[in-house]
Amino acid sequence: MKPPPFAWYAPDTLEEALSLLAEHGDEAKALAGGQSLIPVLNFRLARPSVLVDLNRVAALSGIAEIDGGVRIGAMTRQREAERSPWVAKRAPLLAEALVHVAHPQIRNRGTVGGSLAHADPAAELPALALAFGTRFRLRRGSTERVLEAKDFFRGLLTTALEPDELLVDTEWPHLPNGAGWAFEEIARRHGDYALLGVAAVVVRDSGGVCTEARLAYVSAGPGPVRTTGAEAMLVGRVLDADTIREAAAAAAEEIKPGSDVHASVEYRRQLARVLTARALTRAGQRASS
């Protein structure tokens, strides 16, 4: 299929891009890597009359260290983040999960900001942003605002972005000192959308008692999901096999997955139990007191 007709603009600066979005409002869509938007246009699920191509806006790309974490420009390719020594050093959970995002050819074009702004519940990056407590810097005209991940994602393919607003960059904070982390995912084939995925972060004290836990899920609801109830069950307990099993079972009941031709709700809950236990075990082994 072919997309409906549209006018195409390719600004060179962030200011030009924001001006075009302000001028055209609801009729305009920002084009980043195109790995999500172009299929949507081809299936005519969206019919913008204007595309604002951001690929020439150099100010939106790049990776930098900040306060022990990393700042990633919205137009940074996923492959660049995957291979970045800064990401590997400062956000290793992100580096581990990026290899699960589609295929290398997709990651070569797909952008970090584009995936986050698209907010597909089956995408890895939105769930990772919840696990990190990522901060999103948004800009409209000369006005900026910063939102945390929990406030940025609003539901199925929906975020807090306004029609004339752009995601400029994201800040991925350094995980707590001594934190252990792990990412687990099951897909029908490597590169397919995940049937279910989980990012786990745990912190434990010198006695092995968990002092903080984060569990964020892919394909477990209408958007990225954190299971705060299961997280609370882990805090104050030693991360032994029984504790992990109980928390994994609680997380499986807390998520709200859908059913489709690939997996039923019951199967996705079973995957959540298995993958959560695996992720918590690996995260606990990596955690240092």
Sub-4.5 Å side-chain heavy-atom contact between [X] and [Y]:
{"X": "Arg268", "Y": "Val265", "result": "no"}
{"X": "Pro3", "Y": "Arg44", "result": "no"}
{"X": "Leu14", "Y": "Leu60", "result": "yes"}
{"X": "Pro222", "Y": "Pro121", "result": "no"}

Distance from [X] atom [atom1] to [Y] atom [atom2], nearest 0.5 Å?
{"X": "Leu93", "Y": "Phe132", "atom1": "CG", "atom2": "CZ", "result": "4.5 Å"}
{"X": "Glu144", "Y": "Arg137", "atom1": "CD", "atom2": "CZ", "result": "4.5 Å"}
{"X": "Thr158", "Y": "His118", "atom1": "OG1", "atom2": "NE2", "result": "10.5 Å"}
{"X": "Arg79", "Y": "Arg77", "atom1": "CZ", "atom2": "CZ", "result": "13.5 Å"}
{"X": "Arg278", "Y": "Glu185", "atom1": "CZ", "atom2": "CD", "result": "12.5 Å"}
{"X": "Ser61", "Y": "Glu80", "atom1": "OG", "atom2": "CD", "result": "7.0 Å"}

How close do [X] and [Y] get, counting heavy atoms only, and between which atoms?
{"X": "Thr170", "Y": "Leu167", "value": "CG2-CD1, 4.1 Å"}
{"X": "Asn55", "Y": "Arg109", "value": "OD1-NH2, 3.6 Å"}
{"X": "Ala122", "Y": "Asp120", "value": "N-OD1, 2.9 Å"}
{"X": "Ser219", "Y": "Ala194", "value": "OG-O, 2.7 Å"}
{"X": "Gly133", "Y": "Pro173", "value": "O-CG, 3.7 Å"}
{"X": "Ala283", "Y": "Ala200", "value": "CB-O, 4.2 Å"}

Tell me who clusters with [X], hydrophobic residues only, linked when side chains sit under 4.5 Å apart either directly or through other members.
{"X": "Ile66", "answer": "none"}
{"X": "Val238", "answer": "Val209"}
{"X": "Val198", "answer": "Ile186, Leu195, Leu196, Val202, Leu215, Tyr217, Val225, Leu234, Leu239, Ile244, Ile255, Tyr267, Leu271, Leu275, Leu280"}

Between [X] (side chain only) and [Y] (backbone N and O only), is there a donor and an acceptor less than 3.5 Å apart?
{"X": "Arg139", "Y": "Gly141", "value": "yes"}
{"X": "Glu82", "Y": "Ala95", "value": "no"}
{"X": "Thr76", "Y": "Val112", "value": "no"}
{"X": "Gln78", "Y": "Thr111", "value": "yes"}
{"X": "Arg214", "Y": "Val201", "value": "no"}
{"X": "Ser49", "Y": "Phe6", "value": "no"}
{"X": "Arg204", "Y": "Ala287", "value": "yes"}
{"X": "Asp169", "Y": "Phe136", "value": "no"}
{"X": "Arg107", "Y": "Val101", "value": "yes"}
{"X": "Thr227", "Y": "Gly229", "value": "no"}

Are there over 12 heavy-atom neighbours, none belonging to [X], within less than 6.0 Å of that residue's [atom1]?
{"X": "Asp67", "atom1": "CG", "result": "no"}
{"X": "Asp242", "atom1": "CG", "result": "yes"}
{"X": "Asp26", "atom1": "CG", "result": "no"}
{"X": "Arg145", "atom1": "CZ", "result": "yes"}

(request) Apply side chain to side chain contact (heavy atoms under 4.5 Å, CB included) to the pair Tyr9 and Leu51, showing each step before the final yes or no. (result) CA-CA 6 Å; Tyr9 296 91; Leu51 288 188; over 6 Å; no

(message) Can you confirm if the NZ or CZ of Arg286 lies within 45° of the ring axis of Trp181 and under 6.0 Å from the centre of its six-membered ring?
(response) yes

Hydrophobic clusters here meaning ILVMFWY residues chained together by side-chain heavy-atom distances under 4.5 Å, can you tell me if [X] and [Y] are in one?
{"X": "Ile38", "Y": "Phe43", "value": "no"}
{"X": "Leu147", "Y": "Leu128", "value": "yes"}
{"X": "Val168", "Y": "Met75", "value": "yes"}
{"X": "Phe153", "Y": "Leu138", "value": "yes"}
{"X": "Leu98", "Y": "Val70", "value": "yes"}

(message) Quick one, Tyr193 with Val218, criterion side chain to side chain contact (heavy atoms under 4.5 Å, CB included). Give me CA distance, side-chain angles, the key distance, then yes/no.
(response) CA-CA 9 Å; Tyr193 280 119; Val218 180; over 6 Å; no

(message) Assess, by modelled atom type and distance only, whether the side chains of Arg282 and Gln285 contain a donor and an acceptor separated by less than 3.5 Å.
(response) no

(message) Is a donor from one side chain sitting under 3.5 angstrom from an acceptor on the other, for Thr13 and Glu16?
(response) yes

(message) Using side chain to side chain contact (heavy atoms under 4.5 Å, CB included), reason through Arg135 and Trp172 one step at a time and then give a plain yes or no.
(response) CA-CA 7 Å; Arg135 293 183 290 272; Trp172 301 74; over 6 Å; no

(message) Any salt bridge linking Glu184 with Arg273? Criterion: basic side-chain nitrogen under 4.0 Å from a carboxylate oxygen.
(response) no

(message) What I want to find out is whether Glu171 reaches Arg71 closely enough, with some N-O distance under 4.0 Å, to be called a salt bridge.
(response) yes

(request) Assess whether side chain to side chain contact (heavy atoms under 4.5 Å, CB included) is satisfied between Arg237 and Cys210, documenting all intermediate values. (result) CA-CA 6 Å; Arg237 301 177 65 181; Cys210 178; 5.8 Å; no

